[in-house]
Number of protein chains: 2
Amino acid sequence: MATIKEIAKKAGVGVGTVSRYLNDHPYVSEDKRKKIQAAIDELDYTPSAIATQLRSQSTKNIGVLVSRLANPFFAELFDAIERKLNLYGYQVLVSQTHDDSAAEQRFLDQLKNHQVDGVILASVENHELVRSFAQAYPQKVILLNEENKYRDIQSVTLNHYQATLDALNYLFTQGHRHFVYVTGGNYTVKSHGYSRTKAFQDFTKQHQLSIDPDWLFSQKHTATDGQEIARNLIKNSKNTLPDAIFTNSDEVAIGLIDELQKNNISVPKDIAVIGYDDQPFARFAAVPLTTIRQPISAMANKAVNILLKNLTGQDVPENITNEDLKLKGCSSNQVDGGSS
Amino acid sequence: MATIKEIAKKAGVGVGTVSRYLNDHPYVSEDKRKKIQAAIDELDYTPSAIATQLRSQSTKNIGVLVSRLANPFFAELFDAIERKLNLYGYQVLVSQTHDDSAAEQRFLDQLKNHQVDGVILASVENHELVRSFAQAYPQKVILLNEENKYRDIQSVTLNHYQATLDALNYLFTQGHRHFVYVTGGNYTVKSHGYSRTKAFQDFTKQHQLSIDPDWLFSQKHTATDGQEIARNLIKNSKNTLPDAIFTNSDEVAIGLIDELQKNNISVPKDIAVIGYDDQPFARFAAVPLTTIRQPISAMANKAVNILLKNLTGQDVPENITNEDLKLKGCSSNQVDGGSS
DNA sequence: TTAATACATGGAATCGATTCCATTAAACGA
DNA sequence: TCGTTTAATGGAATCGATTCCATGTATTAA
């Protein structure tokens, strides 16, 4: 393979001049430009990316970590990230954890040995480990759609509170007043999914809706759970049925709808049911489902924007406005990653 | 970040000794080992991968090109490739073409600028371009599950001839004698899918089965095509219906089965239908389908084995035997990539 | 005791591109 | 005409790890 030295020799100039030519520096005469280009063409020269990386101390590589790419949610996320990063001349290195924290460790080590300039984590196994890396490499670690356990790592997530509120208000404008609320966590305790529950509480308070304790369900996760909820509602509600059900997941929603329909209760005519797609398998499900969709590519773009801004110090032009993001319920949480 | 020089200084030894220690060379005294390790621990040193790559002229990175990772077939392929390559200390750089040959060009350029040691192409847009790279970088380009147009590039594909023969013989042992054959190409001309057609022809000749020209269908690709075939068979076959149908794709098979069942013909009781999964969406389809499955991870392993053997000169231990591969109908076609 | 190995080690040269520094030539202002 | 910018250029130093070479010491063989 040809090197810059050989080009310089063949063109009869110094290596410095060749380098300046390659990098569009000023002060290269038209005369030499031609000679250099001729030498490059003749020897089919391409600069070694490795050498450039070593000298410039930057790789233009970004690592992306997901648990499984076979999961369409992550595939879509990766796709959006790759598209955006390619626009800025960055290359993406994806790795899968398969829920193994050793793989996560290997992935993060790429920050240490300078294989990547930064990382986007769409999946985290060992929160302590990630945190230590985020502190050692501030500005280089971004969480995406992942619980920000210590709140001191830069992250981009769906604004669950706002998204839930939007969905509930939508149901309200449709005339619904009798709500059932289903959560995967705990209704009262600040556990996973609490911001959705908080939104529900604020919503009912704001509209002065009464909450029937029998219509609050906790620790529900599966389609079977959904079916049970439906049977429970039908059995216990002698006089009135609810007219809207908010669930924490699409699985639960599907089970619910299935069981309701078996009992000749029409969805959404008699009861509106809304799902929540943590994983967007819902798109492929048999039952068309109203669900709170995660704005995957908006989130990906946001994460990339933040990371590139950190790395280059320059604002990356957004191709989506902040207003769009807000409407879609996507917000970002920028915090300094700790002391440098 | 600490460098090897700083480690050498702190440990009171030469850089050569540190390097030898790091690379497990002999001739480093126990005394210095301890000192060096202490310095490494104290400064939290990790060797720069970039510097190592420059000096050793090898990156331990392999590029993988697919059209879309959101396609589960490619996601599975990538997964298998990554698992295998990680075992040998290689890192994977995936890129998606999205059917754009400019993206393919950018991907292949990574060979030129030494970002990757080799590439696996599971998708090709511009055959001429790929060929020129395969010739410029012999041993470094492997086709995977892609038509090997010029037959002079190393490639791994399903042995369609054998797989088809196996499937037909299976039907034969089940007692079927009246076959319908559906192809996406042309029955007589050597076009895409011809090796399957060849297998069918050899099969019928071997067992001296007569072929009804009305039971040969060409240029069929969609589920709608499948339905048409079913209607056609029912209408025209006054006296006898076939008892087995071999199709070139799962889409066609699904349409066929659907239409047959609508006409009260039971599958597989009355007629056996066999599909072919070029893309494994069949696994998620509503109708359980007998299909010729592509041995994805076996193909991926084979491709990686060949590539690593090319690169290192060493035989990579197979974790699947060749016998297994044959049974699964997977074969490889090793050809020299041209003159160096 | 001497010669021949084996064991250990430091450090210069190297991989290939970038950048700073020194130098020279041309253009410009007064 | 002379001093001062501006334009062009070559090449050494640099990024950080590896490897070869030279040198030195300890061990073994004869």
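Just so we're on the same page: letters track the sequence lines, and every chain starts at 1. Since the model is a prediction, treat every value here as computed from it, not as a measurement.
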*Would you say the side chain of R20(B) and the base of dG10(C) hold a donor-acceptor pair, judged only by whether the two atoms sit under 3.5 Å apart?*
yes

*Spacing of OG1 belonging to T59(A) relative to OH belonging to Y90(A), to within rounding of 0.5 Å*: 8.0 Å

*Check whether any side-chain nitrogen or oxygen of S29(B) sits under 4.0 Å from OP1 or OP2 of dT9(C), and answer yes or no.*
yes

_On the nucleotide dT18(D), are OP1 or OP2 found under 4.0 Å from the side-chain N or O atoms that Q53(B) carries?_
no

*Quick one: CG on N126(B) to CG on L108(B), what's the gap to the nearest 0.5 Å?*
9.0 Å

*With a 4.0 Å cut-off on heavy atoms, is V18(B) in touch with a base, just the backbone sugar-phosphate, or nothing at all?*
nothing

*Look up atom CG in N113(A) and atom CD in Q53(B), then write down how far apart they are to the nearest 0.5 Å.*
8.5 Å

_Nucleotide nearest T3(A) when distance is taken to its side chain, options dA17(C), dC15(C), dG11(D)_ = dA17(C)

*asked:* Main chain of T97(A), side chain of E104(A): is a donor-acceptor contact present, judged purely on distance under 3.5 Å?
replied: no

*Which of the following nucleotides, dT9(D), dT19(D), dT19(C), is nearest to the side chain of R55(A)?*
dT19(C)

*Nearest-Å distance, CG (D31(A)) to P (dA26(C))?*
14 Å

*Q57(A) has a side chain; which of dA12(D), dC15(D), dT9(C) sits nearest to it?*
dC15(D)

*Could you state the CG-C1' distance from L54(A) to dA17(C), rounded to the nearest angstrom?*
9 Å

*Please state whether the phosphate of dA17(D), meaning OP1 or OP2, lies under 4.0 angstrom from any side-chain nitrogen or oxygen of N23(B).*
no

*Integer-rounded Å distance: dT14(C) P and I4(B) CD1*: 18 Å

_For dT18(D) and S19(B) - does any side-chain N or O of the residue sit under 4.0 Å from the phosphate oxygens OP1/OP2?_
yes

_For dT9(D) and K32(A) - does any side-chain N or O of the residue sit under 4.0 Å from the phosphate oxygens OP1/OP2?_
yes

*Between the main-chain N or O of T52(A) and the side-chain N or O of S56(A), is there a donor-acceptor pair closer than 3.5 Å?*
yes

*At under 4.0 Å between heavy atoms, what does Y45(A) touch on the DNA or RNA strands: base, sugar-phosphate, or nothing?*
sugar-phosphate

*Rounded interatomic separation in angstrom, taking CD from E6(A) and P from dC15(C)*: 10 Å

*Distance test, side-chain N/O of Y27(B) to OP1/OP2 of dC7(C), below 4.0 Å*: yes

